[in-house]
Amino acid sequence: MSDTVKFPYFYRTVPSELHLCAGIIKLLKYFGWNWVGVIAADDENSMRAVQILREGIEQSGGCIEFIETIQESSSIMIQNVTNIYNTIITSSAKVIILYCNRDFTDVIRYTPIWQVPGKVWIITAEWLFLFPSNNVDRKNTFAFTVGKRTIPSFHKFVREVNPALFSSDAFIESWWKDLCNNKCPKSIQRSCSSDETFDYILHCDIVILGSSYNVYNAVYGVAHALHDMITSGSRNSILLRGERENVLDFSPWKLHHYLKKLRFNNVLGEEFFFYENGDLAIGYDIISTVILPDGTRSNDIVGSYNPYAPPEKSFNINEKTIVWEDLFSQAPPQSRCNPSCLPGFRKLTREGKSICCYDCIRCSEGEISNQTDMDTCITCPEDQWPNQKRDACTPKVITFLSYEEPLGITLTFIIIFLFLITAVILGIFIYYQDTPIVKANNQDLSYILLISLMLCFLCSLIFIGRPEKVTCILRQIVFGITFSISLSSVLAKTITVAIAFQATKPGNKLRKLMGSRFSNSIVLSCSLLQALLCLIWLCTAPPFPYLNMRSETGTILIECNEGSIVAFYCVLGYLGFLAGISFIIAFIARNLPDSFNEAKYITFSMLVFCSVWVSFIPTYLSTKGKYVVAVEIFAILASSAGLLGCIFLPKCFIILLRPERNSRNS
């Protein structure tokens with residue numbers, strides 16, 4: 001009827017079924033009832049409303065467990081009611097919507113359907129409240145009724161008006177007599193003789209229904225429209241019953257123009273007007289059983305729905321006044337196919353079942369759900385991680401290899417210990433610099449090698465602590481250059497040993513290369529080449545601090561990004577090249593006759609060095625978190641200690657414990 005094309009002259013004085021269905025859906029959503037049953041009359045109006053309800057409930061995420069229709073045919077009424085009753089008592093839905101007109105409502109209130117315990121009823125007719133069946137408590141029932149207002153002087157009019165002024169039939173006469181019953185509210189109770197009073201009260205409360213206010217507004221609406229038409233000048237004088245009277249001369253459609261523009265305030269100060277489609281701007285009251293301050297129960301307004309009000313004010317419920325049945329385990333009761341999925345879980349619809357029937361599964365790693373019944377979990381931001389319940393994201397723990405933790409303290413002590421050992425060995429070599437074992441193996445190279453090893457140990461300290469821009473650059477650069485100096489010194493020693501035996505042959509030109517200048521040039525040139533590689537690295541893609549949020553679960557690892565992985569492996573590859581050349585030359589010269597031949601020790605030291613760094617690469621690539629730094633520090637310490645132990649400890653043993661062997665004749 002709201003279709004203005006088909007019905008251009010239709011005006012509502014009651015809300016549309018669309019708004020009634022929307023109000024019911026609002027109520028369901030407010031209490032979280034997403035699993036309901038529907039009972040409706042088999043008339044066209046009810047079936048259309050059921051379709052609207054179905055669409056609205058499904059759009060809001062709810063489901064209808066069953067839809068039952070009440071047949072009008074008396075021949076199958078008993079069986080129909082029995083079937084509906086069995087459906088209700090076996091249903092898991094705690095909420096049932098009863099959508100039917102007054103005639104069907106009168107039938108239902110006398111059937112077992114209305115007496116099923118443990119159910120919440122939502123009805124569209126107030127009659128079940130006004131005229132309940134015996135022994136039925138109306139708790140847990142919500143009725144949508146047209147908004148009721150107390151019209152000034154209306155109750156006084158009902159009490160005092162003479163019924164003879166109106167047309168009469170059997171129904172109207174019984175209604176007037178009902179108003180004489182002492183069970184009627186005092187505000188509308190009439191004073192009547194005893195023969196006018198009925199023991200059975202039927203129509204008393206009709207006076208206070210919202211329909212009275214609707215009729216009142218409708219009559220005044222037409223009156224105002226007629227008044228506007230009269231005052232607009234559309235009048236004509238005609239002769240009627242022999243007298244001249246001013247009467248309206250118009251076709252009914254002419255009133256449409258004035259009703260369409262109608263706008264006035266009624267006696268209660270409420271604005272009255274029609275929308276473009278002829279709908280009246282009125283809403284619904286929601287009534288239920290409430291507890292009054294004196295402890296008595298009364299059917300009163302517990303909420304309202306006005307589709308024309310602002311969204312935030314269109315629906316309201318006074319939940320504190322509602323009385324819930326004792327059969328419910330919680331208040332308000334829940335009507336769901338299965339319990340809600342708590343925060344930290346998400347819904348997983350069961351195959352072949354309604355979307356409201358689902359299992360709850362825990363959110364995956366890195367995801368949370370902070371509301372109940374979420375369809376999908378939310379991925380936490382990169383710098384956050386789910387808490388234990390996975391219902392909130394918490395900041396990730398920032399981690400790096402620090403000096404305060406046990407691993408950092410242990411590594412620091414090892415570094416200092418190895419540094420001091422190297423310093424002591426350097427002191428021993430300086431103290432015994434005039435002895436044959438020190439002089440025989442190019443003592444300048446020994447000093448350079450020991451100092452470079454001390455720097456190698458110290459550079460490991462840069463790897464510990466919070467990575468900064470400067471420390472990230474110094475880590476790889478200092479490591480690369482100091483190690484290249486160490487390996488260059490070892491290479492120079494190895495070449496010196498090999499040349500020394502060749503130079504002893506008469507006329508051999510290699511004797512010219514026996515000086516310290518040649519060995520120092522090897523150290524300098526090899527180190528400068530590594531420095532050049534490092535400089536290119538710094539100019540193209542230098543290392544920088546990086547927040548690695550995916551290395552370890554729940555942590556943010558502050559690490560140094562190499563910038564250029566190619567440059568990083570070029571530096572390591574160059575060190576490997578120096579070590580490999582030293583190993584090959586030393587291996588060839590290991591059996592040359594000499595009391596102080598270092599070639600054998602250098603061979604072992606290079607074997608240790610290469611073994612450490614060959615095993616370092618796969619370990620480095622497979623390790624995660626701050627332990628990557630620990631692996632690199634271990635490789636530096638192990639390889640440096642290998643050089644120190646294999647080359648210098650045997651000499652210290654001879655110098656300190658076997659001094660008799662520290663002579664040219666031994």
Side-chain angles (χ1 to χ4, degrees), residues 1-3 12 14-72 80 83-84 87-88 91-105 107-108 113-114 116 119-129 140-147 277 279 282-288 302-308 311 314-317 332-337 353-357 373:
M1 300 297 291
S2 296
D3 189 340
R12 291 186 184 275
V14 294
S16 166
E17 288 86 354
L18 287 172
H19 300 318
L20 176 57
C21 294
I24 293 174
I25 294 169
K26 288 274 190 182
L27 181 64
L28 295 176
K29 196 170 183 180
Y30 177 84
F31 286 111
W33 296 331
N34 67 353
W35 188 242
V36 301
V38 177
I39 301 175
D42 63 351
D43 59 85
E44 181 183 353
N45 181 60
S46 298
M47 290 296 98
R48 183 172 60 251
V50 168
Q51 183 61 31
I52 296 171
L53 277 173
R54 179 195 290 274
E55 294 174 359
I57 290 173
E58 291 178 353
Q59 287 177 3
S60 62
C63 304
I64 297 178
E65 183 183 8
F66 66 85
I67 297 177
E68 294 287 346
T69 56
I70 304 172
Q71 305 295 328
E72 190 173 7
N80 180 224
N83 293 338
I84 296 175
T87 300
I88 293 175
S91 167
S92 61
K94 294 291 190 297
V95 177
I96 299 174
I97 301 170
L98 179 60
Y99 199 106
C100 56
N101 57 33
R102 172 186 170 184
D103 295 335
F104 285 97
T105 306
V107 173
I108 290 174
I113 295 174
W114 184 237
V116 177
K119 302 293 182 181
V120 176
W121 291 84
I122 299 175
I123 62 178
T124 58
E126 197 175 357
W127 297 91
L128 284 175
F129 273 96
N140 315 318
T141 301
F142 296 92
F144 278 78
T145 66
V146 178
N277 60 354
D279 287 349
I282 57 176
Y284 289 94
D285 287 333
I286 305 173
I287 63 172
S288 184
V302 296
S304 64
Y305 172 65
N306 187 350
Y308 302 101
S314 63
F315 181 86
N316 69 84
I317 284 286
Q334 295 297 304
S335 184
R336 315 180 70 87
C337 181
K353 298 291 185 179
S354 168
I355 61 171
C356 295
C357 300
D373 290 332

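Positions are given from 1, in the same order as the sequence printed here.
- Between G56 and I25 the shortest heavy-atom distance is CA-CD1, 3.3 Å.
- The NZ atom of K26 lies 8.0 Å from the CZ atom of F315; values are rounded to the nearest 0.5 Å.
- Of all non-hydrogen atoms in F142 and I286, the two that sit nearest each other are CD2-CG2, 3.9 Å.
- Aromatic ring orientation, Y284 versus F144: perpendicular (interplanar angle above 60°, classes split at 30° and 60°).
- Rounding to the nearest 0.5 Å gives a distance of 5.5 Å between NZ of K119 and NZ of K94.
- Residues satisfying the disulfide bond (SG atoms under 2.5 Å apart) test with C356, not counting sequence neighbours, are C63.
- Relative ring orientation between H19 and Y308 is described as perpendicular, the plane-to-plane angle rising above 60° on a 0-90° scale split at 30° and 60°.
- The closest side-chain heavy-atom distance from S335 to V120 is not below 4.5 Å.
- Of the candidates I84, L98, I70, I84 is the only one forming a side-chain contact (heavy atoms from CB on, under 4.5 Å) with I113.
- The shortest distance between side-chain heavy atoms of I67 and R54 falls below 4.5 Å.
- For the atom pair W35 CH2 and I57 CD1, the distance stands at 11.5 Å (nearest 0.5 Å).
- The shortest heavy-atom contact between L28 and I97 is CD1-CD1, 4.1 Å.
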| From CA spacing to verdict: side-chain hydrogen bond (donor to acceptor under 3.5 Å, both in side chains), S304, N316 | CA-CA 6 Å; S304 64; N316 69 84; 2.7 Å; yes
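- N34 and C337 make their closest contact through OD1-N, 4.5 Å (heavy atoms, listed as atom of the first residue, atom of the second, distance).
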For residues 45-53, dump all side-chain donor-acceptor pairs below 3.5 Å to protein atoms at least two apart in sequence or in another chain.
residue : atom : partner : partner atom : Å
N45     : OD1  : R48     : NH2          : 3.1
S46     : OG   : D43     : OD1          : 3.1
S46     : OG   : D43     : OD2          : 3.0
Q51     : NE2  : E55     : OE2          : 3.2

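- In this structure F66 satisfies the side chain to side chain contact (heavy atoms under 4.5 Å, CB included) test together with I39, E68, T87, I88, S91, I96, sequence neighbours excluded.
- Side-chain atoms of D285 and T145 include no donor-acceptor pair closer than 3.5 Å.
- To the nearest 0.5 Å, the span separating CZ on F31 from CD1 on I122 amounts to 9.0 Å.
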| request: Would you check, one step at a time, whether the test side-chain contact (heavy atoms from CB on, under 4.5 Å) holds for V302 with I287? | output: CA-CA 5 Å; V302 296; I287 63 172; 6.0 Å; no
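- Residues L20 and Y99 are in side-chain contact: their nearest non-hydrogen atoms beyond the backbone lie under 4.5 Å apart.
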